[in-house]
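Nothing fancy with the numbering, it's 1 onward along the sequence.
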Amino acid sequence: MASILRSPQALQLTLALIKPDAVAHPLILEAVHQQILSNKFLIIRMRELLWRKEDCQRFYQEHEDSVVSASREIAAFFPDFSEQRWYEEEEPQLRCGPVCYSPEGGVHYVAGTGGLGPA
């Protein structure tokens, strides 16, 4: 089922990290996922990974609450993701809809694209 956002404001990218204790419990993970969806967030990329303790410590040590930091962190998790391309090409389509959600892929996509690959 497609939904149309038609937001006058540009969408913003947000990186959401779900901690291992939530991922370890399928019901909790599903509840977190549903909470994200019910708050009208669009999931445009999703990835599961397993980090060593040292990787986590380095990530949080470098973390700053800024747009530059968010861009750097998104690039670390999704190296093939082009933030500039997303803002130029995908963001307007997702903002103006119609948009569908693929439970299999766990991401939103522009209706009519079949949900194959990124929005």
Do the side chains of [Y] and [X] get nearer than 4.5 Å, heavy atoms only?
X      : Y     : answer
Leu27  : Leu29 : no
His33  : Ile18 : no
Phe81  : Ile44 : yes
Val110 : Val99 : no
Ile74  : Trp86 : no

Trace of the side chain to side chain contact (heavy atoms under 4.5 Å, CB included) decision for Val23 with Val32: CA-CA 9 Å; Val23 175; Val32 170; over 6 Å; no

If you compare all heavy atoms of [X] against all heavy atoms of [Y], which two are closest, and at what distance to 0.1 Å?
X      : Y      : value
Arg47  : Pro79  : NH1-CD, 4.3 Å
Gly106 : Ile43  : O-CG2, 3.1 Å
Gly105 : Ser102 : N-OG, 3.1 Å
Ser71  : Glu83  : OG-OE1, 2.8 Å

Heavy-atom neighbours of Phe77 CZ exceed 12 at 6.0 Å: yes

Show me, pair by pair, the donor-acceptor contacts under 3.5 angstrom made by side chains of residues 49-56, not counting sequence neighbours?
residue, atom, partner, partner atom, Å
Arg52, NE, Asp55, OD2, 3.3
Arg52, NH2, Asp55, OD1, 3.0
Asp55, OD1, Arg58, NH2, 3.2
Asp55, OD2, Arg52, N, 3.3

Worked verdict on Leu13 versus Leu15 for side chain to side chain contact (heavy atoms under 4.5 Å, CB included): CA-CA 7 Å; Leu13 291 171; Leu15 177 65; over 6 Å; no

Derivation and outcome, salt bridge (charged side-chain N to carboxylate O under 4.0 Å, His left out), residues Glu90 and Arg45: CA-CA 12 Å; Glu90 297 178 40; Arg45 302 290 187 283; 3.5 Å; yes

Gln34: side-chain hydrogen bond (donor to acceptor under 3.5 Å, both in side chains) partners, not counting sequence neighbours: Glu30

Side chain His108, main chain Tyr101, donor-acceptor under 3.5 Å: no

Phe41 CZ to Gln35 CD distance, which is reported to the nearest 0.5 Å: 9.5 Å

Residues Glu89, Arg95: salt bridge by 4.0 Å N-O rule: no

Partner set under side chain to side chain contact (heavy atoms under 4.5 Å, CB included) for Asp80, not counting sequence neighbours: Phe78

